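Input: a single structure, listed below in structure tokens.
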Amino acid sequence: MDFVDGLPFPLAVTVLFVIVFLRANATYWAGRAAHAGAGRTRARRLLHSDAFATAQRLVDRWGAPVISFSFLTIGFQTVVNLAAGVTRMPLRHYLPAVTVGCTLWAFIYATVGFVTLEALRRLYLISPAAAIAAIVLLVAALASFVVVQLRASRAPSR
């Protein structure tokens, strides 16, 4: 994303929005295309995964808001958009939801994302060891969060 660095903020947000909007819609249309023939491709493994089943249940139950809020997660947005395509969510519901989600994502990435990357870059210039330690801590925190969420989702219901 170096090409976005240094752009005026409104232009950076616009570029990021276009990128994520195209990616999300490509995933949606891949899901629609895979609906019929997925059982005969490598995609069947993804379509039978726990993450996809969770995304499909959420899309079925809550609809468009799940699409928008999925952009506040890391990775889950892809399976949500795929689930929306596979379940053939109508475009009149999908497009407004994905537009809201992409807008949220673009603003967050253009602010918090770039600030974090710049802080890590500056820390690396001062102390490469400290920067690597910070990255390891961030990855460990994210991995811990994912493990806790997976364990909670697999825990028996009471």
Side-chain angles (χ1 to χ4, degrees), residues 1-28 30-31 42-87 89 94 97-158:
M1 293 285 188
D2 288 339
F3 63 92
V4 179
D5 191 26
L7 291 178
F9 183 73
L11 186 56
V13 170
T14 302
V15 168
L16 290 168
F17 173 84
V18 169
I19 290 168
V20 75
F21 188 81
L22 292 173
R23 182 180 59 83
N25 277 278
T27 304
Y28 171 83
R42 283 190 254 173
R44 75 178 171 274
R45 185 171 37 200
L46 175 62
L47 296 178
H48 295 300
S49 70
D50 291 340
F52 182 79
T54 300
Q56 193 165 10
R57 278 193 307 276
L58 288 170
V59 168
D60 287 344
R61 181 170 182 192
W62 298 102
V66 172
I67 304 298
S68 297
F69 289 116
S70 74
F71 285 87
L72 301 176
T73 67
I74 298 172
F76 191 61
Q77 61 189 273
T78 302
V79 292
V80 168
N81 286 294
L82 188 65
V86 169
T87 60
M89 176 183 265
Y94 178 76
V98 79
T99 301
V100 169
C102 291
T103 302
L104 289 169
W105 184 90
F107 273 102
I108 290 169
Y109 201 93
T111 54
V112 177
F114 285 145
V115 168
T116 302
L117 291 176
E118 180 61 20
L120 287 171
R121 186 186 74 77
R122 288 184 183 197
L123 180 59
Y124 185 82
L125 294 174
I126 295 168
S127 171
I132 292 169
I135 291 169
V136 168
L137 284 172
L138 287 171
V139 170
L142 178 62
S144 298
F145 176 76
V146 169
V147 168
V148 167
Q149 295 301 311
L150 286 173
R151 286 183 181 163
S153 70
R154 292 182 180 159
S157 299
R158 292 180 183 180

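Everything numeric here is computed off the predicted structure, so don't read it as measured data. Quick note: residue numbers are just sequence positions, from 1.
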Can you give me the closest heavy-atom contact between [X] and [Y], atom names plus distance?
{"X": "Ser68", "Y": "Ala97", "answer": "OG-O, 2.8 Å"}
{"X": "Thr73", "Y": "Phe76", "answer": "OG1-CB, 3.3 Å"}
{"X": "Gln77", "Y": "Asn81", "answer": "O-ND2, 2.8 Å"}
{"X": "Thr27", "Y": "Thr78", "answer": "CG2-O, 3.4 Å"}

Legend entry - Within-4.5 Å side-chain heavy-atom neighbours: Leu120 and Leu138: yes
Legend entry - Side-chain heavy-atom pair Leu117, Arg121 within 4.5 angstrom cut-off: no
Would you give the length of the straight line joining atom [atom1] of [X] to atom [atom2] of [Y], rounded to the nearest 0.5 angstrom?
{"X": "Thr99", "Y": "Phe17", "atom1": "OG1", "atom2": "CZ", "value": "5.0 Å"}
{"X": "Phe71", "Y": "Phe21", "atom1": "CZ", "atom2": "CZ", "value": "9.0 Å"}
{"X": "Leu82", "Y": "Thr87", "atom1": "CG", "atom2": "OG1", "value": "9.5 Å"}
{"X": "Ile108", "Y": "Thr103", "atom1": "CD1", "atom2": "OG1", "value": "11.0 Å"}
{"X": "Leu16", "Y": "Cys102", "atom1": "CG", "atom2": "SG", "value": "11.0 Å"}

Inset, instruction - Hey, can you tell me if Phe107 and Phe9 have their rings parallel, tilted or perpendicular (30° and 60° cut-offs)? - result: tilted
Legend entry - Backbone of Ile67 reached by a side-chain donor or acceptor of Tyr94 within 3.5 Å: no
Inset, instruction - Evaluate whether atom CZ of Phe69 has more than 12 neighbouring non-hydrogen atoms of other residues, nucleotides or ligands under 6.0 angstrom away. - result: no
